[in-house]
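Pasting a structure here, questions to come.
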Amino acid sequence: MSRLPSAAAATAYQRQWFADLKEQVAAGTPLALVNADAPQEIFRAMGIPYVVNQWWASIVAAKQHTQEQLARLRERGYPDYTEQYSSTSLGSAFAPDSGPWGGLPRPSIVLAETTGDASRKIFDVWAEQPGVTFYPLESAAADTVPERWWELMPHRWEEAVGTDRLDLMTGELHGLIRFLETTTGRRFSERRFTEVMDLVNEQEEWNRRTRDLIAGARPCPIAVTDGIPAVMIPQWHRGTEWARDAAKALHDEVAARIAAGTAVCEGERARLMWIGRGLWFDLDFYRRFQDRYGAVFVWSMYLAIAADGYLRYGNGTADPVRALAARFAAFSDQLYTPPWSAEWYVHQARTHGADGVVHLVSDDARGSWATTRALRAAGVPVLELHADNVDARRSDPAYLDRSVGDWLEAEVLGG
């Protein structure tokens with residue numbers, strides 16, 4: 001089957017955008033490097049270009065450049081074996097303009113939530129580089145966990161996240177705005193920021209419709225390797241008309257394929273979920289099981305979290321920054337912290353009719369055991385793959401294929 005047009009269009013757009021970005025930075029425009037779970041909408045509203053740390057790591061891995069970047073860390077005495085998804089980009093600090101697409105320009109601002117000791121130290125090293133400033137955000141936890149948070153988040157986010165956590169992050173985001181105004185000379189416009197937030201909500205509404213279409217479709221209409229770039233590249237451009245329109249284009253293509261009875265695999269025998277980050281160094285991995293076993297990956301966290309994790313309406317607040325705080329104050333909980341994450345994955349498995357789950361467990365994963373336990377308790381077969389999603393050194397393709405194949409034959413396809 002030919003590639004999904006929206007996926008091809010998004011990839012082409014991103015490559016041209018990156019080329020233009022490099023020219024802007026070379027001309028003196030400030031650049032931010034931000035983590036995937038950081039409030040990028042503030043940068044969008046202020047016209048400050050940014051690169052998403054984990055997106056760049058995925059490009060480096062897909063182009064087989066990860067080992068040279070990790071080697072630069074190792075040569076300087078830094079560990080090359082922990083949180084590689086976050087640390088890969090740090091290798092670029094020691095060799096600017098090296099790597100795929102002409103390399104990553106040096107940022108002047110780095111932004112991340114301090115979710116762990118290793119993550120904090122990665123960005124502390126960034127801050128030691130000439131001309132780079134690190135703005136850290138706290139990572140707060142809550143004593144109570146809402147049931148079915150995905151139903152509460154669009155409108156009842158204060159109830160779902162908790163006032164104390166929102167107070168903390170709202171204050172930090174107002175501090176970030178002041179910091180950016182001071183260091184870049186750009187001004188924050190609440191009117192422009194509101195426009196950005198509205199566009200994001202429109203985009204995620206399209207993603208929610210697309211997710212629900214795929215959940216109900218038999219057979220699966222698109223490949224997960226098309227769905228991921230078609231969703232995530234626009235996600236990195238949230239708050240733009242292009243991103244909103246790209247999300248609508250994906251929806252319309254999926255709807256048309258379902259109406260036409262198009263199947264990504266004509267002999268579909270099993271519907272699988274892929275829980276975890278994309279296996280960027282081996283994207284052909286997903287297709288191999290489709291071809292050999294008729295086992296189709298119908299779900300990844302990328303479309304699902306776009307559908308359930310981002311929608312935030314005003315909730316009567318006079319401060320739109322608080323709505324943005326509600327988008328990110330509990331973001332990692334939704335994906336990694338039980339029971340937030342575990343209950344959501346079980347819900348997604350049921351709504352998508354999953355026959356089994358392949359669960360990628362990295363060394364830095366949080367709460368993976370709870371996700372596996374909850375799915376198995378719900379009667380869903382789970383295979384845990386212990387591997388890093390960008391570092392192929394411990395992820396022999398033959399071993400991965402054999403593990404998944406044996407599991408499919410023994411637990412999913414019935415021998």
Side-chain angles (χ1 to χ4, degrees), residues 1-4 7-8 10-11 54-55 57-67 70 84-85 88 100 214 219-233 263-305 335 345 348-349 352 354-365 368 371-372 375 380-413:
M1 177 181 290
S2 61
R3 195 173 191 201
L4 200 67
T11 301
Q54 287 75 20
W55 166 76
S58 73
I59 293 296
V60 171
K63 302 300 183 182
Q64 308 299 312
H65 284 265
T66 298
Q67 298 313 316
L70 294 179
Q84 294 94 312
Y85 203 25
T88 294
I214 294 172
C220 182
I222 67 169
V224 69
T225 48
D226 275 346
I228 291 174
V231 171
M232 288 314 299
I233 290 174
V264 69
C265 176
E266 293 295 341
E268 181 177 301
R269 298 174 61 200
R271 296 169 62 83
L272 303 179
M273 288 175 64
W274 172 265
I275 293 182
R277 304 150 178 167
L279 198 66
W280 302 117
F281 63 83
D282 185 11
L283 289 173
D284 192 53
F285 169 91
Y286 305 97
R287 184 185 59 79
R288 293 198 292 270
F289 304 103
Q290 173 183 303
D291 293 346
R292 295 172 188 171
Y293 297 97
V296 180
F297 286 95
V298 303
W299 189 97
S300 80
M301 69 178 184
Y302 297 102
L303 176 58
I305 199 63
L335 290 174
Y345 289 128
Q348 291 297 293
H352 284 72
D355 299 303
V357 170
V358 180
H359 185 188
L360 182 72
V361 179
S362 301
D363 288 343
D364 65 324
S368 297
T371 294
T372 295
L375 286 162
V380 182
V382 179
L383 172 68
E384 285 192 346
L385 287 181
H386 291 262
D388 189 86
N389 71 311
V390 295
D391 187 351
R393 287 175 296 180
R394 292 187 299 153
S395 306
D396 176 59
Y399 166 76
L400 296 179
D401 284 10
R402 184 170 61 254
S403 298
V404 177
D406 290 349
W407 170 77
L408 283 171
E409 293 176 1
E411 297 191 40
V412 178
L413 298 175

**OP:** Would you please name every residue forming a side chain to side chain contact (heavy atoms under 4.5 Å, CB included) with Arg292, sequence neighbours left out?
**Re:**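 Partners of Arg292 under the side chain to side chain contact (heavy atoms under 4.5 Å, CB included) test: Arg288, Asp401.
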
Subject >> Test side-chain contact (heavy atoms from CB on, under 4.5 Å) applied to Leu385 and Leu360, step by step >> reply: CA-CA 5 Å; Leu385 287 181; Leu360 182 72; 4.3 Å; yes

Subject >> side chain to side chain contact (heavy atoms under 4.5 Å, CB included) against Thr372, all qualifying residues, sequence neighbours excluded >> reply: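 For Thr372 the side chain to side chain contact (heavy atoms under 4.5 Å, CB included) partners, ignoring immediate neighbours, are His359, Arg376, Val382, Glu384.
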
Original post:
Among all residues two or more places apart in sequence or in another chain, which pass the ring pair (Phe, Tyr, Trp, His ring centres under 6.0 Å) test with Phe281?
Top reply: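 Partners of Phe281 by the ring pair (Phe, Tyr, Trp, His ring centres under 6.0 Å) criterion come out as none, since no residue qualifies.
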
**OP:** Kindly write out the residues that satisfy side chain to side chain contact (heavy atoms under 4.5 Å, CB included) with Ala354, not counting sequence neighbours, or none if the list is empty.
**Re:**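 Partners of Ala354 under the side chain to side chain contact (heavy atoms under 4.5 Å, CB included) test: Met273, Ala349.
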
**OP:** Before giving the answer on side-chain contact (heavy atoms from CB on, under 4.5 Å), spell out for Val358 and Trp407 the whole-Å C-alpha distance, their side-chain angles and the decisive distance to 0.1 Å.
**Re:** CA-CA 10 Å; Val358 180; Trp407 170 77; 3.7 Å; yes

Subject >> Partners meeting side chain to side chain donor-acceptor pair (under 3.5 Å) with His352 (sequence neighbours left out) >> reply: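 Scan of His352 (side chain to side chain donor-acceptor pair (under 3.5 Å), adjacent residues dropped) gives none.
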
Original post:
Once the angle between the rings of Phe289 and Phe285 is folded into 0 to 90°, is it parallel (under 30°), tilted (30 to 60°) or perpendicular (over 60°)?
Top reply: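 The arrangement is perpendicular - the two ring planes meet at more than 60°.
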
Original post:
Is any side-chain heavy atom of Leu279 closer than 4.5 Å to a side-chain heavy atom of Trp274?
Top reply: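 In contact.
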
Original post:
Would you say the side chain of Gln54 lies within less than 4.5 Å of the side chain of Met232, judging by non-hydrogen atoms?
Top reply: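 No. Closest side-chain heavy atoms not under 4.5 Å.
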
Original post:
Tell me, do Ser58 and Val390 make a side-chain contact under 4.5 Å, heavy atoms counted?
Top reply: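 No, side chains not in contact.
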
**OP:** Sequence neighbours left out, what passes side chain to side chain contact (heavy atoms under 4.5 Å, CB included) with Pro229? Give chain and number order.
**Re:**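 Partners of Pro229 under the side chain to side chain contact (heavy atoms under 4.5 Å, CB included) test: Arg3, Ala7, Thr11, Ile233.
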
Original post:
Any idea how Tyr302 and Trp280 line up, ring-wise: parallel (<30°), tilted (30 to 60°), or perpendicular (>60°)?
Top reply: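 Tilted, since the angle between the ring planes falls between 30° and 60°.
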
Original post:
Got a second to check how far Tyr85's OH is from Asn389's CG, nearest 0.5 Å?
Top reply: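 It is 5.5 Å, given to the nearest 0.5 Å.
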
